[in-house]
*Asks:* 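The structure's right below; bear with me while I get my questions together.
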Amino acid sequence: WIEDQTVGDYDHLLVGTSLPWLLPRALHDAEAWDEQLAFGARGPRLARWAESLRRGADLEHWAAFHDSFDRLARLFGEVARGDRTDGSGIPPATICVLSGDVHHAYAASARFSFPTASQVYQLTCSPLHNRVPAAVRAGFRAAWSRLAERSVRGLLRLVTPVPRSPVEWDRIAGPTFGNQIATLRLHGRAARLSIERTTSRGGVAPYFECVTDLVLSRDEATRDTQELHRPDRAET
């Protein structure tokens, strides 16, 4: 059903999924690796341990269901390449996966091994914020680094290979923490993301401050991005 909905001509494809499709790469690799062990890649004893870890640590993201992750990636690749249009051959300007439920906010840009006309993004914001300990915040930030990605992958490979992914991705904003609201503004083929976080300084009444402002795509026909105004402070 989901694949059928992507056929046609449109300016933007928005896909809502409660859990992010794209996590920090070090976390993604750890969950995908654990799934392989749970399926018996290194025998029944490690499979039982991996399944206990999977349940105890809530390894429930797309990365822990590799077939589904790959199938969604292939679908986005077809859309971004223009293979699923209604004859126009013009793919959408953006494919945006909208998610939350991870107690912070970030944006990531995906890239495929073949040319695509669409920009593919993971846009994540958890407005109902559970306070995240400082050590966990540091872990989230570190998990986006190339050093962490290479180190985690190398360590995991000592036990069993990490499954290869059909898509790569890079962080382009965040991670930010606190009570936040993300707004995606669309106008024609232009798209802009803002993330605003509540703050109170010096006893001033709480207000929103903009912590992320990203142009995701421009409408080249009109060169119209001014309508997607940059957010400013707003009283809460």
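Note: hydrogens, waters and symmetry copies are ignored here, and every other heavy atom, side chains too, is used. Numbering starts at 1 and runs along the sequence shown.
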*Asks:* Contact between L75 and I2 at the side-chain level, heavy atoms closer than 4.5 Å - yes or no?
*Replies:*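 L75 vs I2: side chains touch.
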*Asks:* Which value, rounded to the nearest 0.5 Å, describes the distance between Y106 atom OH and S99 atom OG?
*Replies:*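 Separation between the atoms: 7.0 Å.
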*Asks:* Any luck finding a side-chain donor-acceptor pair between D9 and S88 under 3.5 Å?
*Replies:*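 The answer is yes; a qualifying pair exists.
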*Asks:* Are L147 and W169 connected in the hydrophobic side-chain network, where two residues link if heavy atoms are under 4.5 Å apart?
*Replies:*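 Different hydrophobic clusters.
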*Asks:* Tell me, yes or no, whether the heavy-atom count around D67 atom CG, taken from other residues, nucleotides or ligands under 6.0 Å, exceeds 12.
*Replies:*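 Atom CG in D67 is not packed in, count stays at 12 or less.
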*Asks:* Are W49 and V162 linked, directly or through other ILVMFWY residues, by side chains that come within less than 4.5 angstrom of each other?
*Replies:*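 Per the 4.5 Å side-chain linkage, W49 and V162 are co-clustered.
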*Asks:* Quick check: closest heavy atoms across T94 and L216, and the distance to 0.1 Å?
*Replies:*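 Taking T94 first and L216 second, the nearest heavy atoms are CG2-O, 4.3 Å.
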*Asks:* Check whether Y121 forms a cation-pi arrangement with R192 (NZ or CZ under 6.0 Å from the six-membered ring centre, at most 45° off the ring normal).
*Replies:*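 The answer is no; the distance or angle limit is not met.
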*Asks:* Let me see the working for L186 and L14 under side-chain contact (heavy atoms from CB on, under 4.5 Å), right down to the final yes or no.
*Replies:* CA-CA 11 Å; L186 306 175; L14 308 183; 4.1 Å; yes
*Asks:* Between Q180 and V211, is any pair of side-chain heavy atoms under 4.5 Å apart?
*Replies:*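 SC-SC contact between Q180 and V211 confirmed.
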*Asks:* Run the numbers on S194 and R185 for side-chain hydrogen bond (donor to acceptor under 3.5 Å, both in side chains), then give the verdict.
*Replies:* CA-CA 8 Å; S194 63; R185 295 175 172 84; 2.9 Å; yes
*Asks:* Taking atom CG of L98 and atom OG1 of T124, what is their separation to the nearest 0.5 Å?
*Replies:*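 It is 9.0 Å, given to the nearest 0.5 Å.
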*Asks:* When rounded to the nearest 0.5 angstrom, what distance separates OG1 in T116 from CG in D83?
*Replies:*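 That separation rounds to 11.0 Å.
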*Asks:* Have S109 and Q119 got a donor and an acceptor in their side chains that come within less than 3.5 Å?
*Replies:*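 Side chains of S109 and Q119: no pair found under 3.5 Å.
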*Asks:* I'd like to check V79 versus Y10 (side-chain heavy atoms, cut-off strictly below 4.5 Å). Are they in contact?
*Replies:*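 They are in side-chain contact.
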*Asks:* Return the minimal non-hydrogen interatomic distance between P91 and S118, and the atom names on each side.
*Replies:*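 It is CB-OG, 3.4 Å.
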*Asks:* Judged by atom type as modelled, is there a donor-acceptor pair below 3.5 Å linking the side chain of R137 to the main-chain atoms of V132?
*Replies:*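 Answer holds: yes.
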*Asks:* Any sub-3.5 Å donor-acceptor pair from D219's side-chain atoms to R189's backbone N or O?
*Replies:*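 It does hold such a pair.
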*Asks:* Taking the side chain as every heavy atom from C-beta outward, state whether L37 and V159 have any atom pair closer than 4.5 Å.
*Replies:*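 Counting from C-beta outward, L37 and V159 do come under 4.5 Å.
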*Asks:* Show, in sequence, the C-alpha distance, side-chain angles and deciding distance for R54 and E35, and conclude whether the side-chain contact (heavy atoms from CB on, under 4.5 Å) test is met.
*Replies:* CA-CA 8 Å; R54 184 182 178 103; E35 184 197 24; 3.4 Å; yes
*Asks:* I want to check something: taking the side chain as every heavy atom from C-beta on, are D101 and H61 in contact at a cut-off of under 4.5 Å?
*Replies:*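 Side-chain contact under 4.5 Å: no.
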*Asks:* Is any side-chain heavy atom of I95 closer than 4.5 Å to one of T6?
*Replies:*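 Not touching, per the 4.5 Å side-chain cut-off.
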*Asks:* Over all heavy atoms of both residues, which pair between F177 and R197 is shortest? Give the atoms and the distance, please.
*Replies:*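 Closest approach of F177 to R197: O-CD, 3.0 Å.
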*Asks:* Kindly indicate whether the side chain of H12, heavy atoms from C-beta on, has any atom under 4.5 Å from the side chain of L184.
*Replies:*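 Result no, sub-4.5 Å side-chain heavy-atom pair not found.
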*Asks:* Starting from L59, can I reach W33 by hopping between I/L/V/M/F/W/Y residues whose side chains sit under 4.5 Å apart?
*Replies:*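 Yes.
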*Asks:* Is there a donor-acceptor contact under 3.5 Å from the side chain of R74 to the main chain of F69?
*Replies:*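 Checked: no pair found.
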*Asks:* Within a reach of under 6.0 Å around CZ of R71, are more than 12 heavy atoms found that belong to other residues, nucleotides or ligands?
*Replies:*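 Not buried by this count: 12 neighbours or fewer within 6.0 Å.
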*Asks:* Of the non-hydrogen atoms in L13 and P92, which two are nearest, and what is the gap between them?
*Replies:*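 Distance-wise, the nearest heavy atoms are N-CB, 4.2 Å.
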*Asks:* Would you say that F112 contacts R81 through its side chain, given a criterion of any heavy-atom pair below 4.5 Å between the two side chains?
*Replies:*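 They are not in contact (no side-chain heavy atoms under 4.5 Å apart), so the answer is no.
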*Asks:* Tell me the closest heavy-atom pair linking W21 and W62, and the distance in Å.
*Replies:*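 Closest approach of W21 to W62, heavy atoms only: CA-CD1, 3.6 Å.
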*Asks:* Would a distance-only check, ignoring hydrogens and angles, find a side-chain to backbone donor-acceptor pair under 3.5 Å from Q5 to W1?
*Replies:*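 Side chain of Q5 to backbone of W1, a donor-acceptor pair under 3.5 Å: yes, one is there.
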*Asks:* Once rounded to the nearest 0.5 Å, what's the spacing between atom CG of L23 and atom CG of D29?
*Replies:*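 Atom-to-atom, L23:CG and D29:CG are 10.0 Å apart.
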*Asks:* Of all the heavy-atom pairs spanning W144 and F140, show the shortest one and how long it is.
*Replies:*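 Smallest interatomic distance, heavy atoms only, reads CD1-O, 3.4 Å.
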*Asks:* Which distance, rounded to the nearest 0.5 Å, do you find between the OG1 of T199 and the OH of Y207?
*Replies:*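 One finds 5.0 Å between OG1 of T199 and OH of Y207.
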*Asks:* Between T212 (side chain only) and A173 (backbone N and O only), is there a donor and an acceptor less than 3.5 Å apart?
*Replies:*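 Checking the backbone N and O of A173 against the side chain of T212, no donor-acceptor pair under 3.5 Å is found.
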*Asks:* Going only through I, L, V, M, F, W and Y residues with side-chain contacts under 4.5 Å, is there a path from I90 to V7?
*Replies:*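 I90 and V7: separate clusters.
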*Asks:* Can you hop from F65 to F76 via hydrophobic side chains spaced under 4.5 Å?
*Replies:*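 Different clusters.
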*Asks:* Between L123 and V97, is a side-chain contact (heavy atoms from CB on, under 4.5 Å) present by the stated rule, with each step listed?
*Replies:* CA-CA 6 Å; L123 309 178; V97 182; over 6 Å; no
*Asks:* What distance separates R146 CZ from R25 CZ, expressed to the nearest 0.5 Å?
*Replies:*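 These two atoms lie 8.5 Å from each other.
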*Asks:* Determine yes or no for a side-chain-to-main-chain donor-acceptor pair under 3.5 angstrom, with T198 supplying the side chain and F208 the backbone.
*Replies:*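 Pair absent, no side-chain N/O of T198 close to backbone of F208.
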*Asks:* Can E60 and L19 be said to form a side-chain contact (heavy atoms from CB on, under 4.5 Å), step by step?
*Replies:* CA-CA 8 Å; E60 57 183 357; L19 292 167; 3.9 Å; yes
